[in-house]
J.: 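Handing you a structure now.
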2 protein chains.
Amino acid sequence: MNTTPTEHTIAAWARLLRVHTQWQERVQSALKAAELPPLAWYDVLLELHRKRHGLRQYEIGERMLLPKHNLSRLLDRLEKEALVTRRASPEDGRGNRVLITRSGRRLLQRMWPVYGRVIQECLEQRLTAAEVTTLAKLLDKLQQ
Amino acid sequence: MNTTPTEHTIAAWARLLRVHTQWQERVQSALKAAELPPLAWYDVLLELHRKRHGLRQYEIGERMLLPKHNLSRLLDRLEKEALVTRRASPEDGRGNRVLITRSGRRLLQRMWPVYGRVIQECLEQRLTAAEVTTLAKLLDKLQQ
DNA sequence: TTGTTCTGGTTGCATCTGCAACCAAATGGA
DNA sequence: TCCATTTGGTTGCAGATGCAACCAGAACAA
């Protein structure tokens, strides 16, 4: 194997990084403009919203690729705003089960339009449907 | 226009975010394992390496999509390690011109193999050359 | 010229992240 | 059983980031 990536590889790499920061910036500033909390809150709430019986902290961490100590404090903030609740886990005495609250769901509903709009502007409106599919397939091969 | 992105769009969006965090994690941990500084240092040094006469701070900021206050302190750290120097800009009394030092270039050379290797593992080895090109083209359409 | 506005850069403060140490419960031998 | 190891989660501290305020020089208008 060659010792260094090809020029094309480097170009693709760099562009992905750049696109990501641009997206990130667009999302966060749109949320802020709407006086909504940061994107990470949305991600947690969405994961929880899908699971009627909540999730263990480590499960959220795995899904979000977030280190546990980081997640622990993120949940502190969410809990302080009464968007989630932590209750002792029945199946494991160490852990706890995290549930979304009613106002957590409400916040989710308020955030989605803002977030979704940015997704449309940054992605959907710039590619054809076929291109989006191709992109998704390629990114899928890069995962994990 | 519809009020919410299609499912495919959302899938592509989510995958890009995920791929990005995975890459980020891989790079940073590889650098750390090799006792090298974080990726941002590499980016700054690389930009400077390309310009014989250095760059203004705001130019670096534009290229890296980094807010100025953030860059200001990043350069503080680099300067403290003698990897760059700031000198008063001749063309603008407010600003300064940032130059890479000799040991800055040396560091760049030590970081590249580690970084490049991750790029190969995460991207080059997972896609064919044609796929890489397709990906780069699609990402290019998403830029700016 | 003079005053206003804009731009490049820095700094103080609050928030967030990463790291390492820690605690307690669970797991897995011997 | 008992002890060592692993796992889920929290916390203290240091480093990094975001935000707003600030300063000085540049640009521009009257």
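Predicted, not measured: the structure shown is a model, and the values here were computed from it. The sequence lines fix the lettering, A, B, ..., with proteins before strands; numbering per chain opens at 1.
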J.: In whole Å, I'd like the distance from the CG atom of B:Leu74 to the P atom of C:dT10.
T.: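 Interatomic distance, CG of B:Leu74 to P of C:dT10: 12 Å.
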J.: Take the protein atom CG of B:Leu31 and the nucleotide atom P of C:dC19, then report the distance between them rounded to whole Å.
T.: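 Spelled out: CG on B:Leu31 to P on C:dC19 is 12 Å.
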J.: Aromatic rings B:Tyr42 and B:Tyr115: how do their planes relate, parallel, tilted or perpendicular, breaks at 30° and 60°?
T.: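 Rings of B:Tyr42 and B:Tyr115: perpendicular, as their planes differ by over 60°.
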J.: Counting the atoms with a prime plus P, OP1 and OP2 as sugar-phosphate, which does A:Pro67 contact under 4.0 Å by heavy atoms, base, sugar-phosphate, or nothing?
T.: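 Sugar-phosphate, backbone atoms only, no base.
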J.: Determine yes or no for a side-chain-to-main-chain donor-acceptor pair under 3.5 angstrom, with A:Ser103 supplying the side chain and A:Arg106 the backbone.
T.: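 Checking the backbone N and O of A:Arg106 against the side chain of A:Ser103, no donor-acceptor pair under 3.5 Å is found.
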J.: How long is the line joining CG of B:Leu71 and C1' of C:dG8, in whole Å?
T.: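 Atom-to-atom, B:Leu71 to C:dG8, this comes out as 11 Å.
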J.: To the nearest angstrom, how far is B:His69 atom NE2 from C:dA14 atom C1'?
T.: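 B:His69 atom NE2 is separated from C:dA14 atom C1' by 12 Å.
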J.: Is there a side-chain contact (heavy atoms from CB on, under 4.5 Å) between B:Leu135 and A:Leu142? Walk through the geometry before answering.
T.: CA-CA 11 Å; B:Leu135 179 62; A:Leu142 294 173; 4.0 Å; yes
J.: Base, sugar-phosphate, or nothing: which does B:Arg73 touch, judged by heavy atoms less than 4.0 Å apart?
T.: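 Contact class for B:Arg73: base.
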J.: Do the side-chain N or O atoms of A:Lys32 get closer than 4.0 angstrom to the phosphate oxygens (OP1, OP2) of D:dG18?
T.: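 Answer no for this pair, as no side-chain N or O of A:Lys32 is under 4.0 Å from OP1 or OP2.
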J.: Go through the steps for A:Arg126 and A:Glu131 under the test salt bridge (Lys or Arg N to Asp or Glu O under 4.0 Å), then give the verdict.
T.: CA-CA 9 Å; A:Arg126 292 179 193 242; A:Glu131 285 171 330; over 6 Å; no
J.: By nearest heavy atom, map B:Arg56 and B:Asp76 onto DNA chain C; which one lands nearer the 5' end?
T.: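 By nearest-heavy-atom nucleotide position, the 5'-most residue is B:Arg56.
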J.: How does protein reach along nucleotides 22-27 of chain C, written 5' to 3' as B (base within reach of a heavy atom under 4.0 Å), S (only sugar-phosphate), or - (no contact)?
T.: --BBS-
J.: Can you check whether B:Asn70 has a side-chain N or O nearer than 4.0 Å to OP1 or OP2 of D:dA16?
T.: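 Answer is no, no contact under 4.0 Å.
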J.: When the distance from CD of B:Glu25 to C1' of C:dC19 is rounded to whole Å, what number comes out?
T.: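 Rounded to the whole Å, the gap is 14 Å.
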J.: It should be established whether B:Gln57 places a side-chain nitrogen or oxygen under 4.0 Å from OP1 or OP2 of nucleotide C:dT10.
T.: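 Indeed, a polar side-chain atom of B:Gln57 lies that close.
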J.: Using atom CG of A:Leu78 as one end and atom C1' of D:dG9 as the other, report the distance to the nearest whole Å.
T.: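 Going from CG in A:Leu78 over to C1' in D:dG9 covers 16 Å.
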J.: Please report, rounded to the nearest Å, how far the P atom of D:dG9 is from the CZ atom of A:Arg97.
T.: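 The answer, rounded to whole Å, is 10 Å.
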J.: Regarding A:Arg86, tell me which of base, sugar-phosphate or nothing describes its non-hydrogen contacts under 4.0 Å with the strands shown.
T.: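 Sugar-phosphate, backbone atoms only, no base.
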J.: Would you mind reporting whether A:Leu108 and A:Ile100 have side-chain heavy atoms less than 4.5 Å apart?
T.: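 When only atoms from C-beta onward are counted, A:Leu108 and A:Ile100 do touch, with a gap below 4.5 Å.
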J.: Show your reasoning for whether side chain to side chain donor-acceptor pair (under 3.5 Å) applies to A:Arg86 and A:Gln57.
T.: CA-CA 9 Å; A:Arg86 278 191 267 217; A:Gln57 288 197 197; 3.0 Å; yes
J.: Take atom CG of B:Leu66 and atom P of D:dA16, then tell me their distance rounded to the nearest Å.
T.: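 It works out to 13 Å between those atoms.
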J.: Is there a side-chain polar atom (N or O) of A:Ser72 under 4.0 Å from OP1 or OP2 of D:dT10?
T.: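 Yes, A:Ser72 has a side-chain N/O under 4.0 Å of OP1/OP2 on D:dT10.
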J.: Show the numbers, then the answer: is there a side-chain contact (heavy atoms from CB on, under 4.5 Å) between B:Leu16 and A:Trp23?
T.: CA-CA 10 Å; B:Leu16 190 141; A:Trp23 285 6; 3.8 Å; yes
